[in-house]
Amino acid sequence: MSNFEIPFNRPSTVGKEFEYIAHAIRKGQLSGDGHYTHKCNAQIEQLTGARKALLTHSCTAALEMAAILCDLSPGDEVIMPSFTFVSTANAVVLRGAVPVFVDIDPDTLNIDPTHVKAAVTNKTKAIFAVHYAGYPADMDALADIARTHDLILVEDAAQALGSTYKGRLAGSLADLGAFSFHETKNIISGEGGALVINNPDLIERAEIIREKGTNRSRFLRGQVDKYTWVDIGSSFLPGELTAAFLYAQLEQASTITARRQGFFDHYVAAFQELAAQGRLTLPQVPEHTTGNGHMFYLMLRDVDDRDAFIAHMKAAGINAVFHYVPLHSAPGGLKFSRSAGDMQVTNTVSDTLVRLPMFATLEDGIETVIETALGFLSKPL
Ligand SMILES: Cc1ncc(COP(=O)(O)O)c(C=O)c1O
């Protein structure tokens, strides 16, 4: 329970969650891969344009599956941004491989393809691109590099359900993609996620890895008469109660996205003048991408300015937060990874970025958030 009057995130139900959970219980299957899991998979395929979607219990799980599908061996390298959540890197480290961090673009805060190109070695096996704040990374440039060097391209689309890049949906832009339905995301099931697969060569193995290394999915489709251990894997699938909750949310995906995008646009309008005066920096949206209202952030002058802003908001009962502590300088990063380049943009962004409250029922609080923020930011320096 948050002590803040306006929390950073407030999960809410949006439709038929309770009805579907009761229905799942009545149907008598609570384990995974039942009625609601299949409905979620089909809906996620529609919302991402991906060839195949497999529900997982988290985006972390989907990233771990992706790392197994990349066939990483100890010493192999995977290029990724340092400005991301720990799971992007951890998935690779769990395979004994090495995350190689490169810097981000100062406008989009997404991985910079120029740095990716320079970081490729004969050990590189894959690129994990993160769609920061829901805005897709420059996937055409990354796909070019992947094609040239025979690398697997993965979208960490944890934050990007419904976003587009050059008219194509996030999740349809790489060999593999990972989505999150954690309660801080747009579409939620508490914990939850999905692996999406566009490379047809990886589909069957993905099903096996998700089902503890067995060919149970083929058995359930009647393609084999018993199921057995065939590969490495784990239990990556959620139960039906989670899927039932999630399906009710997925049904409302466009409404939820539109609401959040409305709050995003409202924030932008409120801070536009201060941005024009150079007091702060707003999210920059490349013309060829559309977002999904996942996150609204500001970048302030320096770490002291940002920390004082957060304290000002906190004193007014509003939870504004920063992230990420760059992975390259975190204790785990120092132990398990290496950096290619000086990571200057990542370090600066990490010091100056602050996220404002964003959730589907923000209408009662957004004016207070804006007024309180302007109370700090409009003061002469
Ligand atoms: C970029 C990114 N990757 C991965 C994750 C992990 O998602 P989950 O909590 O569903 O495992 C998150 C969650 O915040 C994220 O933002």
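The analysis underlying the following values was restricted to heavy atoms, covering all of them including side chains, and did not include hydrogens, waters or symmetry mates. All residue numbers refer to positions in the sequence shown, counting from 1. As the structure is a prediction and not an experimental result, all values here were calculated from the model. When a ligand or atom number is given, it counts from 1 through the structure's own listing order.
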message = Tell me the protein heavy atom at minimum distance from atom 2 (C) of ligand 1, and give that distance in Å.
response = Ala158 CB, 3.4 Å

Sidechain-backbone polar pair: Thr60 side chain, Ser87 backbone, donor-acceptor under 3.5 Å = no

query = Which of the atoms of ligand 1 are close to Tyr324, meaning less than 4.0 Å from one of its heavy atoms?
reply = 16 (O)

key: Derivation and outcome, side chain to side chain contact (heavy atoms under 4.5 Å, CB included), residues Asn215 and Gln223   = CA-CA 10 Å; Asn215 57 355; Gln223 293 166 331; over 6 Å; no

key: Under 4.0 Å to a heavy atom of Gly192 - the qualifying atoms of ligand 1, by number   = 10 (O)

key: Plane angle bin for Phe83 and Tyr324 - parallel if under 30°, tilted between 30 and 60°, otherwise perpendicular   = perpendicular

request  = Specify the protein heavy atom at minimum distance from atom 10 (O) of ligand 1: its residue, its atom name, and the distance to 0.1 Å.
outcome  = Ser180 OG, 2.7 Å

Close-contact set for ligand 1 against Thr60 heavy atoms, below 4.0 Å = 6 (C), 8 (P), 11 (O)

message = Applying a strict under-4.5 Å side-chain criterion to I, L, V, M, F, W and Y, I'd like to know whether Val100 and Val93 cluster together.
response = no

query = Parallel under 30°, tilted from 30 to 60°, perpendicular over 60°: which one fits the rings of His288 and Tyr165?
reply = perpendicular

task = Mark up the atoms of ligand 1 that fall under 4.0 Å of a heavy atom belonging to Cys59, in ascending order.
result = 4 (C), 6 (C), 7 (O), 8 (P), 10 (O), 11 (O)

Enumerated ligand 1 atoms positioned under 4.0 Å from heavy atoms of Val130 = 1 (C)

message = Tell me which one of Phe8, Tyr297, Tyr132 satisfies ring-ring contact (aromatic ring centres under 6.0 Å, His included) with His323.
response = Tyr132

task = Can you sort out which atoms of ligand 1 are near Ser58, meaning under 4.0 Å from one of its heavy atoms?
result = 10 (O), 11 (O)

message = Does only the side chain of Thr84 get under 4.0 Å from ligand 1, or the backbone, or both, or neither? Count heavy atoms.
response = side chain

remark   = Of Lys185, His131, His57, Gln159, the one whose closest heavy atom lies nearest atom 13 (C) of ligand 1 is Lys185

request  = Among all protein heavy atoms, pick out the one at the shortest distance from atom 3 (N) of ligand 1; state its residue, atom name and that distance to 0.1 Å.
outcome  = Asp156 OD2, 2.7 Å

remark   = atom 5 (C) of ligand 1: of Phe85, Phe128, Phe83, the nearest heavy atom sits on Phe85

task = Establish, from distance only, whether the side-chain atoms of Tyr20 and Glu251 form a donor-acceptor pair under 3.5 Å.
result = yes

query = In Å, rounded to the nearest 0.5 Å, how long is the span from CG of Asp265 to CZ of Arg260?
reply = 13.0 Å

